[in-house]
Novice: 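First the structure, which I've put down as structure tokens, then a few questions once you've had a look.
All chains are named by letter (A, B, ...) in the order of the sequence lines, taking the proteins before the strands, and each is independently numbered beginning at 1.
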2 protein chains.
Amino acid sequence: MNPSHSGDDSDDSDDRTAQVDRTRTARRPESRYGNRPTMKDVAARAGVGLKTVSRVVNAEPGVTPETERRVREAIAALGFRRNDSARVLRKGRTASIGLVLEDLADPFYGPLSRAVEEVAREHGALLINGSSAEDPDREQELALALCARRVDGLVIIPAGDDHRYLEPEMAAGVATVFVDRPAGRIDADAVLSDSFGGARDGVAHLVAGGHRRIGFIGDRPRIHTAAERLRGYRAAMEDAGIPVDERWVSLGVTDPGRVRRAAEEMLSGPDPVTAVFTGNNRVTVTVLRVLAELDRPVALVGFDDIELGDLLRPGVTVVAQDAALLGRTAAERLFRQLDGAAAAPERIVLPTRLIERGSGELSPAPAR
Amino acid sequence: MNPSHSGDDSDDSDDRTAQVDRTRTARRPESRYGNRPTMKDVAARAGVGLKTVSRVVNAEPGVTPETERRVREAIAALGFRRNDSARVLRKGRTASIGLVLEDLADPFYGPLSRAVEEVAREHGALLINGSSAEDPDREQELALALCARRVDGLVIIPAGDDHRYLEPEMAAGVATVFVDRPAGRIDADAVLSDSFGGARDGVAHLVAGGHRRIGFIGDRPRIHTAAERLRGYRAAMEDAGIPVDERWVSLGVTDPGRVRRAAEEMLSGPDPVTAVFTGNNRVTVTVLRVLAELDRPVALVGFDDIELGDLLRPGVTVVAQDAALLGRTAAERLFRQLDGAAAAPERIVLPTRLIERGSGELSPAPAR
DNA sequence: TAGGGCCTGGACAACGTTGTCAGCCCCGGG
DNA sequence: CCCGGGGCTGACAACGTTGTCCAGGCCCTA
């Protein structure tokens, strides 16, 4: 009667195991799931076989309405809920995918994660999320932990540049798609934004506005997107026939304090830059703060859109990438892999969009 | 030799199971995990017992260095990775917690989720994330799916107001903490921001600035925080002896279009409001856009901080809540429950902070 | 040299579910 | 009356791991 039988289950209706010496058997480790009822319990209570309960729970055909009613009644009375851990073990698919990203708190990754989740949901899967904090070791630790959980697939925004550690996993059938940055030293699907083209367009836009001394502040070039954006900057400058003064270029700074110093540096001195191209949303925000304190207008184009960018005066001109589309594309590709439609690894590049709002259209200060 | 043996495992070194008639046995469902090696495979290859492999993998004592070396070698050669699904089934703890929130793409929830993840990580747990999209059914579906996965605990930002569906789960030992909004119709831990006090302070701030006609735009009062903030608004008005004209109050609008219309409405007519209090970050952003198009200054205080709020002119005065602290507090409470230090359900209320940046300090337009 | 303890390793039974297969019952047809 | 067949059911063996317990082998002491 008592749903939460605590000690030995020397209950009735258990005549099969009665002959087994239960005292020698393994004791329950700690408290388990608080002794949740199992299908066996439900079966006993409903007076049916274990498998019949399974059939009801999984809506398999071949159960009399009357039997089904009894089973459902027992399920409700006991508060039974199927243990998906056991189900997973038996079936081999976990119906969950992992997402390793850099920092969920970054406004760029929120929408991306949400998009991945939405696609997962469409496929009946749950999403396990982990932040690498831009630390390659942590990325690996996370990704492998997810593999140990036997997620069906992984969406990874890489922090490191060597992903050979994933080779055994991928060979074993873990679908894998990289987003935002490509995989390092392995061949894998990747969904990227056109960092190079976007940055080139953004810088070209500044050039077209009459600027020649243009600064670039970006992340460590070890990060693929950062390197590509830098390359785009250089390409645009070269296209315009402007030799780059290396004092205009600041790389690898990422925390607000150092970005601020870098910006202030290239904005002071005898020949300050008249425009700045910023390599990602965090840098853009910091530079905006620096520019706000300045008494002269300095043009700015940033990579990544930023919220409220349209409300600032001037509005912030950006090279926008669609984080949600990035996530959605990657997740869809992942599930295509899982559905067996596995083509050769591919690199999908999504276009960026230049949004003119004012800050990128400021003219350079009159010469001298 | 070949790590990925594909067909039947009629390999060598499998003399124990050789006597079993494998033809009658269940066929492998589909492809499983792409036939990953198991501890048994490792044991066979290393020439040791199954349990010895387990001991090595779990760093249990009682294995000779030499034996351990052989086992590790076999693990590396086979590309073995422990199947945590099976482990979970056996051990009863999944070392994962679930987080049900409204929308990961909302800048308020990103940091919250990250904070929860960080605490989970400190406790060696992974985080499974789900967005309810503010739909009670979806919240329930998600929460129960997580329970079926046997997450050790749940952090829930409720969308619905009846959580009795969780009672069996909680009784069965699923640790549960509600965040941002309290649970409905059950007794459970909750970590909240002081919505009432924050809103009252914010509105009082406007009153102190000389405003009397103050608008309030908030979410559906069915949502606890929205109701509390409305209550704070009314309390502040009453404290100031200002009777509230119901045309100043707009509830339940949440999409930008309708917020815009509501704002425009209370800002037009013969006796427009001179100040607006907005009930959450999304409303604030929309109202900011409306105010930007206006030719006269209107004071604004918003609940929730918004990024770049300091860079707008005027800066946006807000009642800020600490999303990360909210998440961290909730997660810590969750793990305290899991550690058995389960006190009676408690409601923890975190203070809010009024940040003056200009928009809330604008004077009302000179009368008439 | 015998006895007792420690160390190492392995057999075995769980954990809770699902796939397979073999019964049982009942019906209809020969 | 018997047999075949079709619904329903339930027994049973996996899935891959860990807890328990026992069997040796070794070393140390008496």
Novice: Less than 4.0 angstrom between a side-chain N/O of A:Thr64 and OP1 or OP2 of D:dT9, yes or no?
Specialist: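 Checking D:dT9 against A:Thr64, a side-chain N or O does come within under 4.0 Å of OP1 or OP2.
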
Novice: Rounded to whole Å, how long is the line connecting atom NZ of B:Lys91 with atom C1' of D:dC15?
Specialist: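 Distance, rounded to whole Å: 19 Å.
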
Novice: Which one, C:dT18, D:dT17, C:dA11, comes nearest to the side chain of B:Lys51?
Specialist: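 The closest nucleotide is C:dA11.
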
Novice: Establish, with yes or no, whether the OP1 or OP2 oxygen of C:dT18 is under 4.0 angstrom from a side-chain nitrogen or oxygen of A:Ser54.
Specialist: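 For C:dT18, OP1/OP2 do have a side-chain N/O of A:Ser54 under 4.0 Å.
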
Novice: Could you please name the option among C:dT17, D:dG10, D:dG16 that lies closest to any side-chain atom of A:Val48?
Specialist: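 The listed nucleotide nearest to A:Val48's side chain is D:dG10.
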
Novice: Please tell me if B:Asn58 has a side-chain N or O lying less than 4.0 Å from either OP1 or OP2 of D:dT18.
Specialist: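 The answer is yes; a side-chain N or O of B:Asn58 sits under 4.0 Å from OP1 or OP2.
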
Novice: Report yes or no: is there a donor-acceptor pair, N or O only, under 3.5 Å between the side chain of B:Arg55 and the base of C:dG10?
Specialist: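 Such a pair exists between side chain and base.
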
Novice: Below 4.0 angstrom, N of the basic side chain to O of the carboxylate: do B:Asp84 and A:Arg150 qualify?
Specialist: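 No, B:Asp84 and A:Arg150 are not salt-bridged.
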
Novice: Strictly below 4.0 Å, N to O, side chains only: are B:Glu122 and B:Arg328 in salt-bridge contact?
Specialist: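 A salt bridge is present here (some side-chain N lies under 4.0 Å from a carboxylate O).
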
Novice: Nearest whole Å is fine: how far is C:dT17 P from A:Arg36 CZ?
Specialist: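 Taking CZ of A:Arg36 and P of C:dT17, I get 10 Å after rounding.
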
Novice: Quickly work out the B:Leu89 CG to C:dA13 C1' distance and round it to whole Å.
Specialist: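 That distance rounds to 13 Å.
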
Novice: Between D:dT9 and A:Thr67, is there an OP1 or OP2 to side-chain N/O distance shorter than 4.0 Å?
Specialist: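 Answer is yes, contact under 4.0 Å.
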
Novice: Between A:Arg121 and B:Glu141 (salt bridge meaning N to carboxylate O under 4.0 Å), is one present in this structure?
Specialist: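 Salt bridge: yes.
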
Novice: Identify whether the distance between the nearest side-chain nitrogen and carboxylate oxygen of B:Arg36 and A:Glu169 falls below 4.0 Å.
Specialist: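 Looking at B:Arg36 and A:Glu169, the cut-off is met.
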
Novice: To the side chain of A:Glu60, which of C:dG16, D:dT17, C:dG19 is closest?
Specialist: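 Closest of the options to the side chain of A:Glu60: C:dG19.
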
Novice: Please give, in whole Å, the distance from C:dG9 P to B:Lys40 NZ?
Specialist: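 Whole-Å distance recorded here is 21 Å.
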
Novice: Starting at atom CZ of B:Arg150, determine the distance to atom P of C:dG16, rounded to an integer number of angstrom.
Specialist: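 Whole-Å distance recorded here is 9 Å.
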
Novice: Looking at A:Arg90, does any N or O in its side chain come under 4.0 Å of the phosphate oxygens OP1/OP2 on D:dG16?
Specialist: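 No, no such contact exists.
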
Novice: If you pin B:Pro65 and A:Arg81 to their nearest nucleotides in DNA chain C, which one's is more 5'?
Specialist: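 Its nucleotide being nearer the 5' end, the pick is B:Pro65.
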
Novice: Between atom CG in A:Leu50 and atom P in C:dC21, what is the gap in whole Å?
Specialist: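 Distance check: A:Leu50 CG to C:dC21 P gives 18 Å.
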
Novice: State, yes or no, whether a side-chain contact exists between B:Val177 and B:Leu154 at a heavy-atom distance under 4.5 Å.
Specialist: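 In short, these two side chains do not touch, never coming nearer than 4.5 Å.
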
Novice: Please state whether the rings of A:His123 and A:Phe335 are parallel, tilted or perpendicular, taking 30° and 60° as the class boundaries.
Specialist: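 Taking A:Phe335 first and then A:His123, their aromatic rings lie parallel (interplane angle under 30°).
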
Novice: Send over the distance from A:Glu68 CD to D:dC8 C1', rounded to a whole Å.
Specialist: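 Taking CD of A:Glu68 and C1' of D:dC8, I get 13 Å after rounding.
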
Novice: Nearest nucleotide by nearest heavy atom, which residue falls closer to the 5' end of DNA chain D, A:Thr52 or B:Asp84?
Specialist: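 First, find each residue's nearest nucleotide; the 5'-ward one identifies A:Thr52.
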
Novice: Select one nucleotide: of D:dT17, C:dC15, C:dT18, the one nearest the side-chain heavy atoms of A:Met39.
Specialist: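 Of D:dT17, C:dC15, C:dT18, C:dT18 is nearest to the side chain of A:Met39.
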
Novice: Would you mind classifying the nucleic acid contact of A:Val57 as base, sugar-phosphate or nothing, using non-hydrogen atoms under 4.0 angstrom?
Specialist: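 Answer is nothing: A:Val57 stays at 4.0 Å or more from every strand.
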
Novice: Grab the CZ-P distance between B:Arg69 and C:dG9 for me, whole Å please.
Specialist: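 Nearest whole value for this atom pair: 13 Å.
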
